[in-house]
Amino acid sequence: MASEAQPSLIGREEDLARLDAFLADVPRFGGALVVLGEAGVGKTALLAAAAERAERAGLAILSIGGVQYRAQIAYGALRLLLESSPESREAAADIPVLATILGSARAEPAGDDAVCAAVVTLVAKLSVDKPMLLTLDDTQWLDRASAGVLARVAQELPGTGAGMLCAARMGEDSFFDYGGIPFHHVGPLSSAAAEALLTRSFPMLASRVRHSLMAAAEGNPLALLELPAALTDSQRSQTWSLPDRLPLTQRLQSMFASRIEHLPAAARHLLLVAALEGTGSLRVIRQAVAGKCHLKHLAPAERARLVDVDDGTGRLTFRHPLMRSAVVALSTSDQRRGVHRALAEVWRDVPEQRAWHLAQATVDPDESLAALLEEVADLSSRRGDGPNAVAALLRSADLSPAGTERARRLAKAAYFGANLTGFVRDVPRLLDSAKQASPDDDSLAAAVATAVYLINSHGDTDTACRLLTGAFAHLPEPYDTDDTTTREALSALLMVSVHAGRAQEWAHYDAIAAKCTAVPDGLHLLRTTFADPARARPADWARLDAALAALPGEPDPARIVRIATAGAYADRLGAIDEQLRSTARGGSTGANSFPAIQASFLWGSHAWSSGQWTELREVVGTSLRMCDELGYRLRSWTGKWVLACLAAVRGDFATARALADEMDMWAGQRRSQAVRRYAAHARTLMALSQSDFERAHHHAAVITPTGEFAPFAGHALWSILDQVEAAVRSGHREQAREHVAAARRAGLDAVSQRLRFILLASAALAAEDDQEAERGFEDALAIEGTERWPFDTARIQLYFGERLRRGKAPARARLYLDNAVETFTRLEAAPWAERANQELRACGAVVHTTPRTEGVRLTPQQWEIARLAAAGLTNKQIAEKLFLSPRTVSSHLYQLFPKLGVSSRAALRDALAPFARD
């Protein structure tokens with residue numbers, strides 16, 4: 001039988017395959033099959049698909065469906081089945097027992113045995129010309145007489161050339177006896193299928209809304225199709241937060257609520273308490289209902305399979321998340337407020353919980369409660385719970401008696417939403433509501449929210465700067481940074497200054513920061529080690545390292561991102577790799593989209609330098625899609641810069657050029673120096689990859705003039721090697737040497753091992769004396785851990801090999817060039833691999849242009865070096881044990897890493913397992 005899937009069904013390939021197998025056997029063997037599943041799981045759709053397939057295969061079809069509230073007339077469903085086609089009605093009229101059921105003949109009612117035999121006779125008669133399939137939907141709702149007869153017919157079908165396909169709802173009482181009939185269980189859709197169904201049916205749903213609905217529906221197709229219909233347009237596009245309990249359409253309410261309506265009042269009250277309490281704690285539920293009912297009254301709900309009660313954990317769980325929504329939907333507003341008041345009493349000693357329940361129980365404005373909710377919002381923002389912070393502020397605004405406070409809290413909600421949850425497009429509407437609440441109010445919160453919106457959506461740093469500096473000018477001095485809004489305003493001004501990248505904005509920031517009671521540690525670090533790292537002092541780097549060391553266990557994603565950003569130019573991101581990954585993953589839940597985007601791009605810059613290029617494309621690509629969906633246009637340039645650099649060194653010049661053009665167009669219209677430098681760096685790498693060194697020198701000078709480190713040009717620390725190579729090869733060797741000297745005067749060689757490595761190699765590249773150059777390259781490659789920066793290391797090996805070849809040392813040159821080719825090839829940096837291969841050819845060596853795939857073999861010395869490195873010894877300690885030089889150890893490790901398919905010492909132990917020796 002053909003297994004072509006019905007176009008409307010998504011994620012049901014296995015179910016359809018099972019139905020195809022059953023239908024294929026019907027003409028030869030007959031028989032019955034029960035399709036069993038929860039309400040709304042798609043049983044009816046599968047029956048329809050099976051009937052369509054059966055009809056295409058030449059089977060005759062008779063179909064009926066049970067109806068829950070149909071009058072229970074004896075043989076009512078059977079009569080509908082007999083009348084479902086002209087052929088069946090005509091044939092049934094010739095059988096006296098069935099003619100009586102049809103009403104075409106008058107006779108005494110026959111017993112079930114006679115009716116069953118008559119139906120089997122009819123089916124056999126109709127199957128003579130072509131096989132027959134009976135489909136019975138919702139068999140749990142068939143009338144008693146029809147259900148009894150049809151269940152017995154199902155037992156008689158094997159050998160008749162006819163089949164019966166039944167759909168039944170799990171957990172429902174039924175008169176249909178399924179005993180002895182094979183069944184197929186239909187489960188919920190997979191996450192991928194659920195997302196595909198939502199995307200096809202509601203293509204305009206925002207990503208976070210889609211995922212929230214998927215979580216609520218738990219793979220139930222009916223819920224997936226009905227839940228979006230109950231949302232407003234703004235809720236679907238995520239310009240407004242989703243309600244705590246999702247509204248149910250009539251179909252969903254009928255599906256989930258029908259089993260609740262007939263419960264005793266005490267059971268329904270307990271379910272409402274459990275639904276509004278949220279955690280399922282039996283202790284809390286017991287306290288909230290004290291004096292009204294007892295937990296034993298939950299028994300009817302348990303028997304109806306609405307909830308599960310686990311005495312071991314002391315928890316109640318609803319069988320389906322939407323059952324909770326149905327319970328709430330069936331209650332009155334007065335009942336809900338009463339339950340919230342009772343729960344507030346239970347949580348009297350837990351301010352946050354108490355505030356939320358009081359907020360739900362309160363109708364009239366209440367400033368004390370509004371202030372308490374604002375405190376809850378601040379607490380939520382500090383622990384990184386953006387949606388909860390926004391929801392608390394919006395409810396706080398609703399309860400604010402004074403228009404000025406309502407306006408301020410709405411503006412603050414707009415800022416929190418834009419800076420945490422990704423509601424940047426919602427900012428104008430919230431600010432408009434704030435303006436309506438207090439037309440004459442120009443609060444700092446409104447200025448912050450507007451500035452964040454302007455810079456993220458439009459990149460308008462000029463207007464954002466004016467708004468913020470103007471708002472600060474109206475505050476009393478000194479500015480109190482213990483106040484959340486003041487602190488966030490200072491943070492927003494710093495962000496504006498970073499992206500503007502101009503001295504004027506930084507002068508405004510520094511003047512305002514000087515008038516603050518204190519500058520938060522994260523902002524101080526951003527100002528010193530990120531905004532202008534070439535002028536940071538040793539104390540600033542020590543302060544950064546202390547902040548990074550304190551990050552493990554930090555719950556606030558915004559602080560994680562802030563400290564990580566401060567360490568980006570100083571090569572500190574590898575130390576917090578897992579925290580960045582975890583923060584980036586937080587965006588998939590929709591809870592902290594903005595920090596997730598920032599964390600992804602920070603990790604992407606680390607992955608760029610550490611050679612994790614395959615994963616880089618996936619992580620950065622995902623966050624770029626989030627930027628596009630949420631309206632964070634400005635933030636997207638960091639991700640596009642990484643992808644442009646990757647495309648440039650891999651020879652995909654069309655992509656690199658297109659991204660650079662896009663960045664330049666944006667930057668030019670908005671005078672954004674930061675984005676302009678991103679574009680210049682991508683163009684520099686593109687020119688270097690094409691050996692167009694004069695052009696590379698020109699583009700590199702946009703980042704910072706060669707020979708100096710311009711103020712507030714932190715990106716210059718990421719392009720030192722590019723700038724020096726471009727200068728040397730375009731005939732500006734003196735400028736290249738001055739660039740290295742300027743970096744050393746700034747103390748950059750003490751900032752990180754990577755910068756020391758880069759500066760040693762850059763000095764060697766710029767050196768005129770061959771011996772000086774040789775010593776410099778050897779010193780650079782001997783630095784501990786150079787394997788962590790494979791692309792930079794391969795470039796330096798290429799430069800060293802070039803120098804050695806020209807110095808008439810081809811044998812030594814081949815060693816470095818061969819390693820460079822291998823790494824470039826593994827990284828798919830084709831232009832660089834070809835350049836190294838050209839040098840190898842000049843040395844008289846055989847070149848290789850594809851990765852080596854033959855079995856890996858380790859020499860005894862390589863094995864010992866790898867084993868000791870895996871045990872945690874440094875290169876120097878390994879050298880002392882094996883009587884080698886640290887340079888030799890470093891060179892061996894550099895060759896071993898790609899051969900073993902690892903990128904860190906931590907992975908060596910597992911990689912060495914296949915080579916273990918006695």
- Presence of salt bridge, R18 and E14, under 4.0 angstrom: no
- Message: A side-chain contact here means heavy atoms from C-beta on lying under 4.5 Å apart; do N220 and P188 qualify?
- Response: no
- Task: Flag the pair T583 / E554 as yes when at least one side-chain heavy-atom distance between them is below 4.5 Å, and no otherwise.
- Result: no
- Between L19 and V35, does a side chain to side chain contact (heavy atoms under 4.5 Å, CB included) hold up when you go through it step by step? CA-CA 9 Å; L19 295 182; V35 176; 4.0 Å; yes
- Item | Ion pair E218/R324, N-O distance below 4.0 Å | no
- Mind checking the CG-NE2 spacing from L634 to H499? Nearest 0.5 Å is all I need. 4.5 Å
- Item | Nearest heavy-atom neighbours spanning R336 and V328 | NH1-O, 3.3 Å
- For the side chain of S600 and the backbone of A596, is there at least one donor-acceptor N/O pair under 3.5 Å apart? yes
- Message: Could you check whether R581 pairs with E615 (Lys NZ or Arg NE/NH1/NH2 to Asp/Glu carboxylate O, under 4.0 Å)?
- Response: yes
- Give me the ring orientation class for W637 and W666: parallel if the planes are under 30° apart, tilted from 30 to 60°, perpendicular past 60°. tilted
- Item | Pairwise side-chain contact, V307 with E302, heavy-atom cut-off 4.5 Å (strictly under) | yes
- Does the pair F594 and N456 meet the rule for a side chain to side chain contact (heavy atoms under 4.5 Å, CB included), with working shown? CA-CA 11 Å; F594 190 43; N456 279 301; 4.0 Å; yes
- Evaluate the criterion side chain to side chain contact (heavy atoms under 4.5 Å, CB included) for residue pair R337 and S333; output intermediate values, then yes/no. CA-CA 6 Å; R337 286 193 296 272; S333 60; 3.6 Å; yes
- Side chains of D310 and T317: closer than 4.5 Å at any heavy-atom pair? no
- Item | Spacing of CG belonging to L222 relative to NZ belonging to K43, to within rounding of 0.5 Å | 9.5 Å
- Query: Any donor and acceptor pair, going by atom type alone, linking the side chain of T450 with main-chain N or O of A447 inside 3.5 Å?
  - Reply: no
- Taking atom CZ of R617 as the centre, does the number of heavy atoms from other residues, nucleotides or ligands within less than 6.0 Å exceed 12? no
- Candidates E405, E367, R395, R409 - the one meeting side-chain hydrogen bond (donor to acceptor under 3.5 Å, both in side chains) with S400: R409
- Message: Between R585 and E578, does any NZ, NE, NH1 or NH2 come within less than 4.0 Å of an OD or OE carboxylate oxygen?
- Response: yes
- Query: Hey, is the main chain of V448 close enough, under 3.5 Å, to the side chain of E488 for a donor-acceptor pair?
  - Reply: no
- Would you name the heavy atoms of L224 and L213 that are closest together and state the gap between them? CD2-O, 4.3 Å
- Item | R341 vs E345, salt bridge (Lys or Arg N to Asp or Glu O under 4.0 Å): CA-CA, chis, key distance, verdict | CA-CA 6 Å; R341 281 192 292 270; E345 282 299 309; over 6 Å; no
- Please examine the side chains of H269 and V273, heavy atoms only from C-beta on, and report whether any two atoms are closer than 4.5 Å. yes
- Note on the structure: Nearest heavy-atom approach of F601 to C627 is CE1-SG, 3.9 Å
- Query: What distance separates L580 CG from I560 CD1, expressed to the nearest 0.5 Å?
  - Reply: 8.0 Å
- Query: Are the side chain of T565 and the backbone N or O of V561 linked by a donor-acceptor pair below 3.5 Å?
  - Reply: yes
- Would you name the heavy atoms of P555 and P557 that are closest together and state the gap between them? O-CD, 3.1 Å
- Just wondering, do K412 and S396 contact through their side chains at under 4.5 Å, heavy atoms? no
- What is the minimum heavy-atom distance between F318 and L271, and which atoms define it? CZ-O, 3.6 Å
- Task: Mind running salt bridge (Lys or Arg N to Asp or Glu O under 4.0 Å) on E375 and R354 for me, showing each step along the way?
- Result: CA-CA 12 Å; E375 291 177 17; R354 181 171 177 269; over 6 Å; no
- How many angstroms lie between atom OG of S368 and atom CG of L373, to the nearest 0.5 angstrom? 9.5 Å
- What distance separates L444 CG from T484 OG1, expressed to the nearest 0.5 Å? 11.5 Å
- Query: Is there a side-chain contact between H606 and Q612, using heavy atoms and a 4.5 Å cut-off?
  - Reply: yes
- Task: Could you walk me through whether L295 and L316 pass side chain to side chain contact (heavy atoms under 4.5 Å, CB included), step by step?
- Result: CA-CA 11 Å; L295 290 182; L316 174 151; over 6 Å; no
- Atom CG in L394, atom CG in L410: separation rounded to 0.5 Å? 6.5 Å
- Item | R635 side chain reached by S623 side chain, heavy atoms, under 4.5 Å | no
- Task: Provide the closest heavy-atom pair for L189 versus G11 in the form atom of the first, atom of the second, distance.
- Result: CD2-O, 4.0 Å
- Message: Salt bridge or not between R406 and D398? Use side-chain N to carboxylate O under 4.0 Å.
- Response: yes
- Message: Given 3.5 Å as the limit, does a donor-acceptor pair link the side chain of S380 with the main chain of V376, or not?
- Response: yes
- Query: Would E374 and R408 satisfy salt bridge (Lys or Arg N to Asp or Glu O under 4.0 Å), going step by step from the backbone distance to the final call?
  - Reply: CA-CA 11 Å; E374 186 171 3; R408 183 182 63 79; 2.7 Å; yes
- Query: Between S605 (side chain) and L602 (backbone), is there a donor-acceptor pair under 3.5 Å?
  - Reply: yes
- Any chance the side chains of D138 and Q140 put a donor and an acceptor closer than 3.5 Å? yes
